[in-house]
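This report concerns only the one structure given below.
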Number of protein chains: 2
Amino acid sequence: MATIKDIAKLAGVSVTTVSRALNGYSDVNAKTRQKIEQIAKEIEYSPNALARSLVMKQTRTIGLLVSGLSREGAKDNIVFDVLTGINEYCGAQDYDLVLFNTTSSKQKEKTYAQLCRERRVEGVIVQGIKKDDPYLIEIFESNIPCVLIDVPVENETTGYITTDNVDGSMKAVRYLAELGHTNIAMINGHDQAFVSKERRKGFELGMLEQGLPIRNDWIVNGEYAELKAEQVGQELLSEYPEISAVFCASDLMALGVMRAAKQMGKKVPEELSIIGYDDITLASYVTPALTTIAQDTFRMGYAAAELLIGILKQTEESRVRLIENELKIRETTKEKT
Amino acid sequence: MATIKDIAKLAGVSVTTVSRALNGYSDVNAKTRQKIEQIAKEIEYSPNALARSLVMKQTRTIGLLVSGLSREGAKDNIVFDVLTGINEYCGAQDYDLVLFNTTSSKQKEKTYAQLCRERRVEGVIVQGIKKDDPYLIEIFESNIPCVLIDVPVENETTGYITTDNVDGSMKAVRYLAELGHTNIAMINGHDQAFVSKERRKGFELGMLEQGLPIRNDWIVNGEYAELKAEQVGQELLSEYPEISAVFCASDLMALGVMRAAKQMGKKVPEELSIIGYDDITLASYVTPALTTIAQDTFRMGYAAAELLIGILKQTEESRVRLIENELKIRETTKEKT
DNA sequence: TTGAAAGCGCTAACAC
DNA sequence: GTGTTAGCGCTTTCAA
């Protein structure tokens with residue numbers, strides 16, 4: 001593979017000159033430059049980013065730590081959307097992305113900092129990390145610039161992207177209350193997710209605001225899984241037939257509840273209103289189409305990359321970006337009769 | 001950031017010894033090794049993969065060239081699934097993945113080989129590339145090991161993964177014929193995709209096999225897009241109301257046709273049978289659930305990584321991997337009445 | 001069992 | 001404008 005040395009030899013100049021010419025420095029004779037560029041093209045030279053990074057101490061590379069990069073992740077397209085957003089902005093800024101293997105057994109032995117430092121990534125975007133993940137503390141303690149998706153951690157080098165989950169959930173409750181529902185249950189995710197807490201809080205605040213009673217036995221965990229939500233939903237709905245509306249902390253769980261209702265012969269939305277959270281692709285395609293609190297996951301990814309690169313360039317003061325969410329009314333909600 | 005030099009100094013040995021100790025060579029005194037490992041831990045040393053790669057001339061990195069990493073790609077989860085499969089195998093083999101930016105305007109100026117050589121990736125997996133993409137020729141001509149998804153190109157360093165699209169399409173036709181359908185139309189993708197040709201061929205072969213007439217005006221392009229398929233589907237179905245079954249080259253297009261049918265008041269499957277291709281997540285969630293030719297996209301990704309790494313290690317003779325497909329009978333197909 | 005020295009391909013002072 | 005030189009952090013002969 002051709003190097004600048006080869007070019008230097010062919011052009012009869014020093015490697016320094018070649019380096020300068022190829023990097024567009026001004027202090028190079030126009031003729032020399034032309035000759036060098038000509039030769040570079042001829043021998044199909046491509047700069048060795050490794051060598052350059054080694055001496056420049058920057059790689060223009062961002063690491064990606066994604067937990068949901070698994071088969072199940074395909075159902076909700078969240079991980080994918082975020083990734084797409086990240087890719088979009090990083091591409092525009094000429095940063096490359098490296099996907100870290102957290103799946104690998106070998107890799108799991110490495111600490112977070114090791115993972116990052118080895119590859120000399122300039123920053124990291126972390127997605128789908130849980131509260132109890134040991135990496136989380138490391139992320140906070142290390143001084144590697146990092147942006148987390150939906151995990152509120154903040155310091156000099158760490159920031160995060162999220163939506164207002166409290167407000168989002170309140171919107172859902174408010175809408176259900178507007179429709180005349182008073183017996184509202186909630187299927188929440190699991191305790192290892194930060195957003196769960198928030199969504200629950202929003203649910204409770206919303207109920208309070210609407211003067212509705214909060215019943216702890218009407219708030220159950222669905223583990224963010226469709227099947228689990230179907231099970232607990234069925235239990236809940238058969239034990240308390242008076243429940244007329246369910247707010248779910250994810251669309252996938254809402255789909256589970258829809259299935260539960262169907263099996264029990266409970267008509268949605270006539271006998272049961274359901275609101276989900278996320279607005280995944282499936283939400284608008286199922287029948288009846290799911291009313292949900294929509295998050296713009298693409299923008300979350302885009303903003304994450306924006307924030308991270310802002311931190312890297314030190315042009316960014318803030319460490320938090322809040323993305324809007326929005327109630328999308330579709331067909332699973334209806335006035336209480 | 002700590003280097004082996006630092007360790008050497010602290011341990012009172014040479015960098016050579018440190019390097020050997022840390023890389024598990026046998027010719028190092030047990031005590032020396034222990035001391036070195038101890039110090040390495042203390043000063044939080046992580047090896048600089050850049051420096052190592054520079055001298056070792058291998059990066060344990062695989063490049064990913066993905067065209068469908070865009071917002072629309074989220075609807076069919078194909079790109080994501082393939083990515084997941086790739087990630088799985090590469091993780092197990094301790095390879096890292098770098099996502100190339102083909103989106104960026106800057107990057108588009110670079111040739112394929114430049115992109116790869118700059119980062120010194122050992123191989124590349126290419127997904128979603130079209131026939132008319134200038135990169136394609138480069139891929140073939142360059143000697144960088146490469147595996148393509150669904151693009152039949154083969155030489156010493158290039159291989160591909162695909163499913164038997166001809167056979168898959170024949171299965172679809174055969175099933176429709178079994179159900180008594182004779183007036184079968186096809187919505188195909190666009191001409192820039194290799195699979196389109198194959199699926200069309202399979203369709204025609206299937207029709208021939210079943211002794212059914214192939215009508216060219218009953219084969220139309222839906223550009224692999226839901227909306228486009230809805231439009232052309234509507235035109236087709238209203239012009240030829242005798243069509244009782246439609247085979248679509250993708251699930252997304254099948255959804256479009258379902259919508260078209262709905263708008264025209266044509267009942268699916270009673271008045272119109274529809275078969276899709278891919279088995280995306282949506283397929284099993286829509287109502288009625290879509291009958292389709294299922295491809296295991298996760299396995300395609302996994303196999304692609306497997307093949308590529310096989311080529312890299314020179315343990316692989318073949319350059320092609322064929323993944324099974326399967327007819328999944330659901331609710332959009334029914335006997336012709 | 002260990003070390004000195006060379007070199008991977010590149011950039012960047014500092015001369016000239 | 002251009003070249004000399006040193007050095008980024010690591011591995012690897014070759015000698016000792």
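Excluded from the calculations below are hydrogen atoms, water molecules and symmetry mates; all remaining heavy atoms, backbone and side chain alike, are included. Sequence lines set the chain letters: A, B, ... in the order given, protein chains first and strands last, and positions in each chain run from 1. Computed from a predicted structure; not experimentally measured.
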(Q) Here's a test of your reading of the structure: between A:Pro47 and B:Asn29, which maps to the more 5' nucleotide of DNA chain C? (A) B:Asn29
Q.
Please determine whether any donor N or O and acceptor N or O are separated by less than 3.5 Å between the side chain of A:Thr16 and the base of C:dT11.
A. no
Q: Mind calculating the distance between NZ (A:Lys57) and C1' (C:dC10) to the nearest angstrom?
A: 13 Å
Q) Does A:Asn48 put a side-chain nitrogen or oxygen below 4.0 Å from OP1 or OP2 of C:dC8? A) no
Q: Measure from NZ on A:Lys5 to C1' on C:dG9 and round the result to the nearest Å.
A: 8 Å
(Q) Checking contacts here: which listed nucleotide (C:dC10, D:dC10, D:dC8) is nearest the side-chain heavy atoms of B:Ala51? (A) D:dC10
Q: Considering just the side-chain nitrogens and oxygens of A:Thr17, establish if one lies under 4.0 Å of OP1 or OP2 belonging to D:dG3.
A: yes
Q.
Could you tell me how far apart B:Met1 (CE) and D:dC10 (P) are, to the nearest whole angstrom?
A. 11 Å
Q | Stepwise side chain to side chain contact (heavy atoms under 4.5 Å, CB included) check, A:Leu322 with A:Thr162 | A | CA-CA 5 Å; A:Leu322 217 60; A:Thr162 194; 3.5 Å; yes
Q: Could you walk me through whether B:Thr61 and A:Arg119 pass side chain to side chain donor-acceptor pair (under 3.5 Å), step by step?
A: CA-CA 10 Å; B:Thr61 300; A:Arg119 287 278 176 184; 2.6 Å; yes
Q) Side chains of B:Ser14 and B:Thr17: donor-acceptor distance under 3.5 Å anywhere? A) yes
Q) For B:Gln58 and D:dC10, what is the distance between atoms CD and P respectively, to the nearest whole Å? A) 16 Å
(Q) Considering every strand and a 4.0 Å limit on heavy-atom distances, what is the contact class for A:Ser53: base, sugar-phosphate, or nothing? (A) nothing
(Q) Would you say that more than 12 heavy atoms from the other residues, nucleotides or ligands in this model lie under 6.0 Å from the CD of B:Glu44, or not? (A) no
**Q.** D:dG3 OP1/OP2 closer than 4.0 Å to side-chain N/O of A:Ser14
**A.** yes
Q. If you take atom types as modelled and just measure distance, does the side chain of A:Arg33 reach the base of D:dG1 with a donor-acceptor pair under 3.5 Å?
A. no
(Q) Does D:dC10 have its OP1 or OP2 closer than 4.0 Å to a side-chain nitrogen or oxygen of B:Ser19? (A) no
**Q.** Presence of B:Lys31 side-chain N/O under 4.0 Å of C:dT1 phosphate oxygens OP1/OP2
**A.** no
Q: Send over the distance from A:Tyr25 OH to D:dG3 P, rounded to a whole Å.
A: 17 Å
Q) Mapping A:Arg20 and A:Val55 onto DNA chain D by nearest heavy atom, which one lands closer to the 5' end? A) A:Arg20
Q: Verify whether one side chain among B:Glu42 and B:Gln38 offers a donor that lies under 3.5 Å from an acceptor in the other.
A: yes
**Q.** Nearest-angstrom distance from the residue atom NZ of B:Lys9 to P of C:dA4
**A.** 13 Å
Q: Could you tell me whether the phosphate oxygens of D:dC8, OP1 or OP2, come under 4.0 Å of any side-chain nitrogen or oxygen in B:Thr3?
A: no
Q.
Quick check: on DNA chain C, is the nucleotide nearest B:Gly12 upstream (toward 5') of the one nearest A:Leu50, or the reverse? Name the residue that is more 5'.
A. B:Gly12
Q) Looking at B:Arg321 and B:Glu316, does any basic side-chain N land under 4.0 Å from a carboxylate oxygen? A) yes
**Q.** Between C:dG9 (P) and B:Met56 (CE): distance, integer Å
**A.** 15 Å
Q | Separation of atom CZ in A:Arg120 from atom P in D:dG9, rounded to whole Å | A | 8 Å
